[in-house]
Every structure is written in structure tokens, then in C-alpha cells.
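Note sheet for the following structure.
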Amino acid sequence: KFAYQSLDFNCRDPMFRKLFPQYVELHKERLLAKQKALGITDPPAPPSYESVGQISANEKVDFSGIFATAAGVIALLSAVFFAIRFA
């Protein structure tokens, strides 16, 4: 499962496509086989291997996880400094 997801992710990277064209073809063949097994008869759209990790203008980034982690680290450091000061 993870290997298949990794190949899907890697095939979107231009450098990976340039270095390993045989794996890109393997990925395309697997997608076609999967569509055929599911009974999808429409001609498949070619996979779009562009903009890995880039955020488009319409997407919003959720920073809540980052802020929550930073707040936890600050609280922990504050507790440690408080304990050192009054110990």
C-alpha cells in the first residue's frame, strides 16, 4: 500500500520522472489496469504530474497544528524555567 502511494507521489516529481521513466510507465500501466478492473470504460485522463507540494492561489494553509505545537513547546519551556528558577 505505502509503496504504491510512494510511487504515485514520486511520479509527480519532475526529477523522478526524468531519472526513472520506466517507473512512470509502470505507474501509468497500473492505473489503467485498476480502471479496467473497476469496469471504467471511459478513456482515462493522463495523470497530471505537476506542482508537487505547491499551494495554488485558491488553497488555504491550515497553521493550527503548527501553532498548537509551538504553544505546547513554549508552555513546556516556561514550566522548566519556572522550576529551575524557584527550585
| How far apart are the closest heavy atoms of Cys11 and His27, and which atoms are they? |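 Nearest pair, atom of Cys11 first, then His27: SG-CB, 3.6 Å.
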
| message | Looking at every non-hydrogen atom in both residues, tell me the closest pair between Arg17 and Arg12 and how far apart they are. | response |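 Looking at all heavy atoms of both residues, the closest pair is NH1-O, 3.1 Å.
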
| remark: The reported gap from NZ in Lys18 to CG in Asp13 (rounded to nearest 0.5 angstrom) is 11.5 Å

| request: Apply the test side-chain contact (heavy atoms from CB on, under 4.5 Å) to residues Leu32 and Lys36: give CA-CA distance (whole Å), side-chain angles for both, the deciding distance (0.1 Å), then the verdict. | output: CA-CA 6 Å; Leu32 288 173; Lys36 190 178 278 188; over 6 Å; no

Got a list of side-chain donor-acceptor pairs under 3.5 Å for residues 75-83, not counting sequence neighbours?
residue, atom, partner, partner atom, Å
Ser78, OG, Ile74, O, 2.9

| remark: Sequence neighbours excluded, the answer for side chain to side chain contact (heavy atoms under 4.5 Å, CB included) partners of Tyr23 is Leu7, Phe16, Phe20, Leu26

